[in-house]
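The basis for the numbers below is simple: all heavy atoms, side chains too, and nothing from hydrogens, waters or symmetry mates.
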Amino acid sequence: MRIWFKIFKDNHLMQDAVIEDESDETRTHKIFRALEQACYEFDLGKPIWLDATVAEFKRHAKARFYQDNFVEEIAFDFLEIHVIEE
């Protein structure tokens, strides 16, 4: 599984990272572990999965985490997660 994480500010890509996970874990565990890894790499607190975020991710294998998803203040508009290969 390959997951692409992107940070956007003013419609510009500021940072990105691709996390690969070839373990035998479940899809959910892979996604949570990759999100944790990306947040560590970007020096961010882990975002909260709101109901709308989960629904969007289920529909499109892609979701955006806005300020509402983070406890601390963020210096960008949103963090996007996108499964690019299963």
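Looking at heavy atoms from C-beta onward, T28 lies out of side-chain contact with I31 at the 4.5 angstrom threshold. Residues V54 and F57 are not in side-chain contact: their nearest non-hydrogen atoms beyond the backbone lie 4.5 Å or more apart. Residues L35 and P47 form a side-chain contact, since some pair of their non-hydrogen atoms from C-beta on lies under 4.5 Å apart. Two residues are said to be in side-chain contact when any heavy atoms from C-beta on lie closer than 4.5 Å; V83 and R27 meet this criterion.
Distance check: K6 NZ to E80 CD gives 4.0 Å after rounding to the nearest 0.5 Å. Separation of atoms CD1 (I3) and CD (E86) is listed at 8.0 Å; rounding is to 0.5 Å. Taken from CZ in F70 to CZ in F65, the straight-line distance is 7.0 Å, to the nearest 0.5 Å. Between the CG atom of D77 and the CZ atom of R64 there is a distance of 10.0 Å, given to the nearest 0.5 Å.
The hydrophobic clustering, which links ILVMFWY residues whose side-chain heavy atoms are closer than 4.5 Å, places I48 and F32 apart. Residue L50 is not grouped with residue F5 when hydrophobic side chains (ILVMFWY) are merged at heavy-atom distances under 4.5 angstrom, including chains of intermediate members. Two different hydrophobic clusters hold W49 and Y66 under the rule that ILVMFWY side chains link at heavy-atom gaps under 4.5 Å.
In this structure a side-chain-to-backbone donor-acceptor pair under 3.5 Å is present from E72 to G45. Without hydrogens or angle criteria, E22 side chain to M1 main chain gives a donor-acceptor distance under 3.5 Å. Side-chain atoms of Q67 come within 3.5 Å of backbone atoms of I74 as a donor-acceptor pair (strictly under, hydrogens ignored).
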Show me the donor-acceptor pairs within less than 3.5 Å that the side chains of residues 7-19 make with the rest of the protein, sequence neighbours left out.
residue: H12; atom: ND1; partner: D10; partner atom: O; Å: 2.7
residue: D16; atom: OD2; partner: W4; partner atom: NE1; Å: 3.0

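Evaluation of the salt bridge (Lys or Arg N to Asp or Glu O under 4.0 Å) test over residues 31-43, restricted to residues two or more places apart or in two chains, returns D21-R33, E36-K46.
Among residues two or more places apart in sequence or in another chain, the side-chain contact (heavy atoms from CB on, under 4.5 Å) test is passed with A52 by none.
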